[in-house]
*Asks:* 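Here's a structure for you.
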2 protein chains.
Amino acid sequence: MTTISEVAKAAGVSVSTVSHVLNKTRYVSPEKVKLVIESVEAIGYIPNTVARSLKLSSTGTVGLAISAISNPYFSDIICAIEAECSKRGLIAFLCDTQDDPVRELELIQHLHQRRVDGIILAPSGDPKKALDYLIRSDLPCVLVDRLSDNRFDQVGTDNVAAIRTLVDHLVTLHHRRVGIILGQPGFATTVERAKAFRAAMTEKGIEVEDNLISDGNRSTADATASTHRLLGLKEPPTAILASNNLAMIGAMRAIRERKLRVPADISVLGIDDFEWADYFEPRLTLMAQPCDEIGRRAADLLIERIGNKRRPRETIRLSPVLRVRESCGEAA
Amino acid sequence: MTTISEVAKAAGVSVSTVSHVLNKTRYVSPEKVKLVIESVEAIGYIPNTVARSLKLSSTGTVGLAISAISNPYFSDIICAIEAECSKRGLIAFLCDTQDDPVRELELIQHLHQRRVDGIILAPSGDPKKALDYLIRSDLPCVLVDRLSDNRFDQVGTDNVAAIRTLVDHLVTLHHRRVGIILGQPGFATTVERAKAFRAAMTEKGIEVEDNLISDGNRSTADATASTHRLLGLKEPPTAILASNNLAMIGAMRAIRERKLRVPADISVLGIDDFEWADYFEPRLTLMAQPCDEIGRRAADLLIERIGNKRRPRETIRLSPVLRVRESCGEAA
DNA sequence: GAAAAAAACGATTGCGCAAACGTTTCGATG
DNA sequence: CATCGAAACGTTTGCGCAATCGTTTTTTTC
């Protein structure tokens, strides 16, 4: 591996001249510039970012600590973050926390050892230790999706609006018995959506039975089981609200297993849009979260904070949009 | 930020003792070990991986240069790579080449500057410059999905088997006029699948009309347009083979726009499975690619090569599996 | 009990680079 | 034609660490 001093030797100049030519950090005469550039080419010199980072104590890297990176919701966010970072000259380390608080803390410490300039985190269901560590270490960090601590910059969906819009839609179609399949317990999104559901229903003058609320669905399999339970009730709901994409897939499985027609026998709607939702039956009525903007804004906020650690915290709630299709019909 | 020498001072030992305690690289008496560990805790020392990397000239990082990172096929592969790397103590930089050869080369050079230990690349449609650079720089690299150059280790799906199985299935159901929606031109997968399709059809004694083969579909929109063209033929195909997930979404859109029933009016099948394929209509007959294993094996191969640059190259073709559902019926 | 070997640890160097600091040259100024 | 200042470049240091080399002390051996 070649070094800057080999270039200097080949060009017959000093290392600082080479450095200044490469970084354009001070005036160098055109002849020497030419010499340096030719030597770089001739030798095949590739600057060593590691050494540069050590000297500058800044790496130009950010850590992405996200759960379930293959979930399309998160992969869209990751894609947007990558794009924005790339545009700003940063590069991202990708880590999957697998929603394990222990792993989450370890990953953050690992990223810290690697001296990332900042971290974008989708907090686990029990993120206290990780978040405390981040605060203590004064590492720039923004939280995405699960907005669980306003000691940080945060970007996510306006879950209250999302649920309220969905409930509005349901009530307009005369649904009163609505079952909800919530996500993983502890997640800020789960908590917010549960609370928003109760509030929105109450606002509509509808009493919410506890057994219509299904919490703790960590997987599509959980969601399937929960949906079976709801549909097996003496008085089953007329509609099912799936509070995320995994819950929806799981719910649809249970509905299929019971050979129910959507929306004739049961109405279905949920949160998280699918690219194919328009082309397959039942065509799902869904709230689309603005994944691209979430990712972009998260990266922007992080870059801002890296630039100024003392700026005021921001929490950004982006509006989701309802895509009315056909899976939610009139209540019987 | 604390350093190893501050720890040494606090513990009343030398920096080398601290280093050896932290890395367990030589015997240190229990008392000094205790002193060091206590000082680390007291000071809140976090080792600096950047400095360590400079000294060791090895960073413990790998670069992931992949296109369309939000495509579920790739995000599954990325997820598997991340998992395997993490298990082996490596961490991955995530980069989206966006299938742009210029960007591809720049990203690889950038990763090289960062002194990644190796690279996993899904080559673009015109990867020559990038691949030549990789060879010249002697950077460990494995190619995934698009197996375009056996100067490298490679891992992907056995596309010949995939297409042959699909064609077998079609012929069993008496389809003879089959339209195929191919992916992006230039991709090794596209080329292989096109060739395999012609070969498999010929093997069955079926002549393939050129206008049933639709190349150059870079997006779902392209695939929709291509499908419209196929369906608008005087003598349209009785079945459509979508050669990847984007092509399938696009094809289904066109089919819906024409209000055709699947499989009554037109049969459909393709490559790339979807998690929801069992629960929505039409239930798609698909070849599932082994994304998890592709990712895992790619990471394994890369780690092997990092360990021994002179080992023989390997090309691994993994078998896909056909999931027969209902979208492909008997030909009219 | 002297020599040798082993045990335990410390001082120092160099990884590749950016930039602070220093030096030389040359034209402008009084 | 001395003096100054600016232009152009070189010398050197230190970022934090691993590990080589070296030192001191203790233990073993005959």
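All values derive from a computational prediction rather than experimental measurement. Chain letters run A, B, ... following the sequence lines, proteins first and then strands; every chain starts at 1.
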*Asks:* Is B/R296 paired with B/D292 through a side-chain N to carboxylate O contact shorter than 4.0 Å?
*Replies:* no
*Asks:* How long is the line joining CZ of B/R115 and P of C/dC15, in whole Å?
*Replies:* 14 Å
*Asks:* With a 4.0 Å cut-off on N to O distance, would you call A/D96 and A/R103 a salt bridge?
*Replies:*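 Salt bridge between A/D96 and A/R103, a charged N being under 4.0 Å from a carboxylate O: no.
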*Asks:* What is the distance from CD1 of A/I46 to C1' of C/dC17, rounded to the nearest Å?
*Replies:*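 After rounding, the gap between these two atoms is 15 Å.
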*Asks:* Nearest to the B/R26 side chain among C/dG10, D/dG10, C/dC17, which nucleotide is it?
*Replies:* C/dG10
*Asks:* Taking atom P of D/dC17 as reference, at what distance in whole Å does atom CD1 of B/I4 sit?
*Replies:*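 Whole-Å distance recorded here is 5 Å.
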*Asks:* From the options D/dC17, C/dC17, D/dG10, select the nucleotide whose nearest atom is closest to the side chain of A/S14.
*Replies:*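 Ranking D/dC17, C/dC17, D/dG10 by closest atom to the A/S14 side chain puts D/dG10 first.
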*Asks:* Is the shortest side-chain N/O distance from B/T17 to OP1 or OP2 of C/dC9 below 4.0 Å?
*Replies:*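 Checking B/T17 against C/dC9: no side-chain N or O falls below 4.0 Å of OP1 or OP2.
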*Asks:* Any carboxylate oxygen within less than 4.0 angstrom of a Lys/Arg side-chain nitrogen, looking at B/K128 and B/D132?
*Replies:*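 The answer is yes: the pair qualifies as a salt bridge.
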*Asks:* Hey, is the side chain of B/S16 poking within less than 4.0 Å of OP1 or OP2 on D/dT20, counting only N and O atoms?
*Replies:*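 Checking D/dT20 against B/S16, no side-chain N or O comes under 4.0 Å of OP1 or OP2.
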*Asks:* As a test of reading the structure: which of D/dC9, C/dC9, C/dG16 is closest to the side chain of A/K32, going by heavy atoms?
*Replies:* D/dC9
*Asks:* Hey, are B/R305 and B/D117 close enough for a salt bridge, meaning a charged N less than 4.0 Å from a carboxylate O?
*Replies:* no
*Asks:* C/dA11 P sits how many Å from B/K9 NZ, rounded?
*Replies:*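 That distance rounds to 13 Å.
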*Asks:* Whole-Å distance between D/dC9 C1' and A/Y27 OH?
*Replies:* 12 Å
*Asks:* Looking at A/S19, I'd like to know whether one of its side-chain N or O atoms comes within less than 4.0 Å of OP1 or OP2 on C/dA18.
*Replies:*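 So the side chain of A/S19 is within the cut-off, an N or O lying under 4.0 Å from OP1 or OP2 of C/dA18.
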*Asks:* Kindly point out which of D/dC17, C/dA18, D/dG10 is positioned nearest to the side chain of B/Y45?
*Replies:* D/dC17
*Asks:* Can you name the one residue among A/I108, A/V144, A/L64, A/L111 that meets side-chain contact (heavy atoms from CB on, under 4.5 Å) with A/L121?
*Replies:*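 Among A/I108, A/V144, A/L64, A/L111, the one meeting side-chain contact (heavy atoms from CB on, under 4.5 Å) with A/L121 is A/I108.
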*Asks:* Could you state the atom-to-atom distance from CD of B/Q113 to P of C/dC17 in whole Å?
*Replies:*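 Going from B/Q113 (CD) to C/dC17 (P), I get 10 Å.
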*Asks:* Respond yes when some side-chain nitrogen or oxygen of B/N48 is under 4.0 Å from OP1 or OP2 of D/dC17, and no when none is.
*Replies:*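 No, because none of the side-chain N or O atoms of B/N48 sits under 4.0 Å from OP1 or OP2 of D/dC17.
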*Asks:* Whole angstrom is fine here: how far is it from CD in B/E31 over to C1' in C/dC9?
*Replies:*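 Rounding to the nearest Å, CD of B/E31 and C1' of C/dC9 are 12 Å apart.
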*Asks:* Name the closest nucleotide to the A/L56 side chain, picking from D/dA8, C/dA18, C/dG10.
*Replies:*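 Per side-chain heavy atoms of A/L56, the pick is C/dA18.
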*Asks:* Mind checking if A/V15 touches a base, just sugar-phosphate, or nothing, with heavy atoms under 4.0 Å?
*Replies:*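 A/V15: base contact, heavy atoms under 4.0 Å.
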*Asks:* Using whole Å, report how far CZ of A/R114 lies from P of D/dG16.
*Replies:* 18 Å
*Asks:* Quick one: on DNA chain D, does B/H20 or A/L54 contact a more 5' nucleotide (nearest heavy atom)?
*Replies:*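 Final value for this comparison: A/L54.
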*Asks:* Using a cut-off of strictly less than 4.0 Å, decide whether B/K55 has a side-chain nitrogen or oxygen near OP1 or OP2 of D/dC15.
*Replies:* no
